[in-house]
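Quick notes on the structure that follows.
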Amino acid sequence: MVRRRSRSREWGPPVWREGGGSSSRRSSSSGGGSGRREALERLPLNMAAAVPPPAGGGGGSVPVLFCFSVFARPSAVPHGAGYELLIQKFLSLYGDQLDMHRKFVVQLFAEEWSQYIDLPKGFLVSERCKLRLVPLQIQLTTLGNLTPSSTVFFCCDMQERFRPAIKYFGDIISVGQRLLQGARILGIPVIVTEQYPKGLGSTVQEIDLTGVKLVLPKTKLSMVLPEVEAALADIPGVRSVVLFGVETHVCIQQTALELVGRGVEVHIVADATSSRSMMDRMFALERLARTGIIVTTSEAILLQLVADKDHPKFKEIQNIIKASAPESGLLSKV
């Protein structure tokens, strides 16, 4: 996910050339004519704040050089394009080369400094410029770590009508119930979705939804609904989602990819997710693992969340896992 990086320094508004659309260079002269605004003092080149060009000013497209890693690809964007449109352009040019598990910052080449600087707040493209996308370093020591305070559980579409179709459905219900029990013990928020419940029924009765944060109907395959995004925004410090349910290659996969694209670390519980086809399930888990998503097990998740025998909830979690999770046909198909 590419995130806007906040800056404490504010940049002045652009200088528009009458009948043009590009910002002018700094000038100490006031004799530029009535059609030209006076240049602002010490305005860095190529920087524009969110101020529209004057009426009748030129629109059209502006050439921009988009750089990433060792690559540099010329393109064009509409005059006045801002941050979001620039991000879309970077994704269209380099999407197949971006590791979406990482975070990025957009930088602008500033002639005044002869080097790249972080994109100024409120930047709008008004003249030819050069931008680059820079990946930020990940602290690998924290990758995959789970803590109750920064984790949310997602239970996806464990519904009655799927029972006869999903392989080993009884087993993933059993494991899903363990996970929800652990979430209640540790105070972890749980979000549950139901795919078109009018036609596919509600969540199976074996899954105890007591205390869950949300139960939402959906038609979208991914769980990342506006209500879910709002709920995540309301939970301070969320960093990780533990995801389980059905189907692995459809709703689970699309949910995981959307979350990773938003900078959330995703843990898929292999013994609590399945599909109608074991081939679909196997290749989905392989693909997700290659993208940096963590494929793990229910027992590993629960013990990682308590982390220490002296944790006040350790014995309660231990009681959940005393009996091993079902070793079904899912095992040989991961």
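Numbers here are sequence positions counted from 1.
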How far does OG of Ser240 sit from CD of Glu265, to the nearest 0.5 angstrom? 4.0 Å
Nearest 0.5 angstrom please: Ile293 CD1 to Thr255 OG1, how far? 10.0 Å
Quick one: do Leu257 and Leu288 satisfy side-chain contact (heavy atoms from CB on, under 4.5 Å)? Show the steps, please. CA-CA 8 Å; Leu257 294 174; Leu288 293 166; 4.0 Å; yes
Is any side-chain heavy atom of Val152 less than 4.5 Å from a side-chain heavy atom of Ile191? yes
Holding to side-chain hydrogen bond (donor to acceptor under 3.5 Å, both in side chains), I want the full list of residues that pass it with Arg276, two or more places apart in sequence or in another chain. Glu247
Can Ser275 and His249 be counted as having a side-chain donor-acceptor contact under 3.5 angstrom? yes
Sequence-distant partners of Tyr196, ring pair (Phe, Tyr, Trp, His ring centres under 6.0 Å), two or more places apart: none
Donor-acceptor under 3.5 Å (Ser277 side chain, Met279 main chain): yes
With clusters defined by side-chain heavy atoms of hydrophobic residues (ILVMFWY) lying less than 4.5 Å apart, directly or transitively, does Leu225 cluster with Leu259? yes
Heavy-atom nearest pair, Phe314 first then Asp308, reads CD1-O, 3.5 Å
Does Gly245 offer a backbone N or O that forms a donor-acceptor pair with the side chain of Thr273 under 3.5 Å? yes
How close do Cys67 and Tyr116 get, counting heavy atoms only, and between which atoms? SG-OH, 3.9 Å
Do the side chains of Leu65 and Phe109 join up, straight or via other hydrophobic residues, at under 4.5 Å, putting them in one cluster? no
Do Phe90 and Leu131 come close enough that some side-chain heavy atom pair is under 4.5 Å? yes
For Cys156 against Leu243, the heavy-atom pair lying closest together: CB-CD1, 4.5 Å
Using a 4.5 Å cut-off on heavy atoms from C-beta on, say whether the side chain of Glu316 contacts that of Pro312. no
Considering only heavy atoms from C-beta outward, does the side chain of Leu302 approach that of Glu299 to under 4.5 Å? no
Could you state the interatomic distance from CD1 (Ile321) to CD (Gln181), rounded to the nearest 0.5 Å? 11.5 Å
Show the nearest heavy-atom pair for residues Phe123 and Cys129, with the distance to one decimal. CZ-SG, 4.4 Å
Please confirm whether the backbone N or O of Val269 pairs with a side-chain atom of Thr296, one donor and one acceptor, at under 3.5 Å? no
List the steps and the verdict of side-chain contact (heavy atoms from CB on, under 4.5 Å) for Arg287 and Gln253. CA-CA 9 Å; Arg287 175 193 174 185; Gln253 178 171 271; 3.2 Å; yes
Between Lys220 and Ser222 (side chain of the first, backbone of the second, donor and acceptor by atom type, cut-off under 3.5 Å), is there such a pair? no
Do Ile294 and Ile268 come within less than 4.5 Å of each other through their side chains, counting heavy atoms only? no
Take Val241 and Thr151 through the test side-chain contact (heavy atoms from CB on, under 4.5 Å) and record every step on the way to the result. CA-CA 6 Å; Val241 164; Thr151 301; over 6 Å; no
Rounded to the nearest 0.5 Å, what separates atom CD1 in Ile207 from atom OG1 in Thr210? 11.5 Å
In sequence, state the C-alpha distance, the side-chain angles, and the governing distance for Phe169 and Val246, and then conclude on side-chain contact (heavy atoms from CB on, under 4.5 Å). CA-CA 9 Å; Phe169 193 65; Val246 299; 4.2 Å; yes
Close side-chain approach of Thr147 and Ser150, heavy atoms under 4.5 Å: yes
Do the side chains of Val134 and Gln107 get nearer than 4.5 Å, heavy atoms only? yes
Spell out, as yes or no, whether a donor-acceptor pair under 3.5 Å connects the side chain of Gln159 to the backbone of Thr203. no
Could you tell me how the ring of Tyr94 sits relative to the ring of Phe68: parallel (under 30°), tilted (30 to 60°) or perpendicular (over 60°)? tilted
For the CG atom of Leu93 and the CD atom of Gln88, what is their distance to the nearest 0.5 Å? 12.0 Å
Could you check whether Ser298 and Asp271, counting side-chain N and O atoms only, form a donor-acceptor pair closer than 3.5 Å? yes
Rounded to the nearest 0.5 Å, what separates atom CG in Asp157 from atom CE in Met223? 7.0 Å
Do any N or O atoms from the side chain of Arg262 and from the backbone of Glu229 form a donor-acceptor pair under 3.5 angstrom? no
Out of curiosity, does Leu146 fall in the hydrophobic cluster containing Ile188 (side-chain heavy atoms, cut-off under 4.5 Å, transitive links)? yes
Is Lys313 reaching over with its side chain to a backbone N or O of Ile317, donor-acceptor style, under 3.5 angstrom? no
Tell me the salt bridge (Lys or Arg N to Asp or Glu O under 4.0 Å) pairs involving residues 175-196, sequence neighbours left out? Arg184-Asp208
Side-chain heavy atoms nearer than 4.5 Å, only ILVMFWY residues, links allowed to pass through others: does that put Val192 and Ile185 together? yes
Heavy atoms of other groups near Gln205 CD, more than 12 under 6.0 Å: no
Presence of salt bridge, Lys89 and Glu84, under 4.0 angstrom: no
Using every non-hydrogen atom in the two residues, find where Phe244 and Ala272 come nearest and quote the distance to one decimal. CB-O, 3.4 Å
Should Phe154 and Leu221 be counted in the same cluster of Ile, Leu, Val, Met, Phe, Trp and Tyr side chains packed under 4.5 Å apart? no
Any donor-acceptor pair under 3.5 Å linking the side chain of Arg239 with the backbone of Asn145? yes
Are Tyr83 and Leu119 side-chain neighbours, meaning at least one heavy-atom pair lies under 4.5 Å? yes
What heavy-atom pair brings Gly82 and Leu124 nearest, and what distance separates the two atoms? CA-CD2, 3.7 Å
Return yes when atom CZ of Arg73 has more than 12 non-hydrogen atoms of other residues, nucleotides or ligands closer than 6.0 Å, and no otherwise. yes
